[in-house]
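Following: one structure in structure tokens, then a few remarks.
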2 protein chains.
Amino acid sequence: MRLTTKGRYAVTAMLDLALHSTAGPVSLSEIAGRQELSLSYLEQLFVKLRRNELVKSSRGPGGGYSLNRPVADICVADIIDAVDERVDATNCSGKSDCQEGNTCLTHHLWNDLTQQIHGFLTGISLADLVNRKEIKRVSERQDSQLEAANDLQQIRIATSD
Amino acid sequence: MRLTTKGRYAVTAMLDLALHSTAGPVSLSEIAGRQELSLSYLEQLFVKLRRNELVKSSRGPGGGYSLNRPVADICVADIIDAVDERVDATNCSGKSDCQEGNTCLTHHLWNDLTQQIHGFLTGISLADLVNRKEIKRVSERQDSQLEAANDLQQIRIATSD
DNA sequence: ATTTAACCTAGCAAATTAGTCAGATATTCA
DNA sequence: TGAATATCTGACTAATTTGCTAGGTTAAAT
């Protein structure tokens, strides 16, 4: 089973998208800036998210990505499945052929665990996350930080000649 | 977060130990034979299990490993923690400094998930597993297979000269 | 003394991760 | 038309982890 930075980045980016998609598409560079993630890496993840029909893209200036479904209809498990391929604690991908064609001693345990995790992550939608107080707070901090950084950038440009 | 073959092997081996520890210590070669695991790899895992005081060892002929606590007092989470170091879905080991010293957007989600998984695995003891019908069935199959293999081995030795 | 087992150390091939880099392609705006 | 913006695409890579092997040492039982 794997739940690594890849899945975490994807969920973080999708949540950022959900939080900022009030007015048109959001570009990956915006997300990369706010969440401090690598742009190129995000591009790779969004290819998979698009193929799994979680987001839709629009190219060109003013373009970017937007959610393909209402926030309440996208759960965390969908996102992780899309980029991480699977959240599966068994060694045999649930096929029960873990010990030379037979079931291994602990197969049932890992199967139960997989269902437990999947159930938990299926029960949480982007809408749930957007509404969480702690997450709202973090998001506001990120927005104001980015604004401050942009202002500084403007000053640098204006005074450099 | 990681839950790989390492943790699975450890739990499988500990369960095998629990199932066969009725009469004295169990050697790692027995476990390796029954569960079809690498002996050297098992040795490495049992170093950690011993350091975490889940098993005790006795050397020499007839030696091997035995459980250091009653089966009801060893839970799956203990075993995985011992070999896998941790089952933690956050990127910051729970320290909340995931984004340049601040909390990242999805920290709370991964924290909840970690607690969910840990709670589930803490709730399952070796005693619970030993008593499960499916596991009893798999164990009986393994025992009879090994016996058959040993008989065959005996015949080979007797007829080879 | 020999055998059996735990114990210890080092190293390694394959896979995975978390990226970078360089460019192609599509869209909008001036 | 052309410049700017942004998504796409693929190849490549450094670092880490995993699962495993090899080879040896130490302790206890026969």
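Atoms considered below: every heavy atom in the structure, side chains included; atoms not considered: hydrogens, waters and symmetry mates. Letters A, B, ... are given to chains in the order of the sequence lines, protein chains preceding strands, and every chain is numbered from 1.
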side-chain hydrogen bond (donor to acceptor under 3.5 Å, both in side chains) against A:Asn52, all qualifying residues, sequence neighbours excluded: none
Nucleotide nearest B:Arg51 when distance is taken to its side chain, options C:dA5, C:dC8, C:dC7: C:dC8
Short side-chain N/O contact from B:Arg8 to OP1 or OP2 of D:dT18, under 4.0 Å: no
For B:Phe120, ring-ring contact (aromatic ring centres under 6.0 Å, His included) partners two or more places apart: none
side-chain hydrogen bond (donor to acceptor under 3.5 Å, both in side chains) partners of B:Arg69, counting only residues at least two apart: B:Asp78
Base versus backbone protein contacts along nucleotides 20-29 of chain D [heavy-atom cut-off under 4.0 Å; B, S, -]: BB----BSBS
Value in whole Å for how far the C1' atom of D:dT5 lies from CD1 of A:Ile31: 16 Å
Residue list, side chain to side chain contact (heavy atoms under 4.5 Å, CB included) with A:Ser58, at least two apart or on another chain: A:Pro25
Rounded interatomic separation in angstrom, taking CD from B:Glu30 and P from C:dA5: 8 Å
Between C:dA15 (P) and B:Lys6 (NZ): distance, integer Å: 18 Å
With A:Ser139 via side chain to side chain contact (heavy atoms under 4.5 Å, CB included) - residues at least two apart: A:Leu19, A:His20, A:Asp143, B:Leu105
Spacing of B:Glu36 atom CD relative to D:dG19 atom P, expressed in whole Å: 17 Å
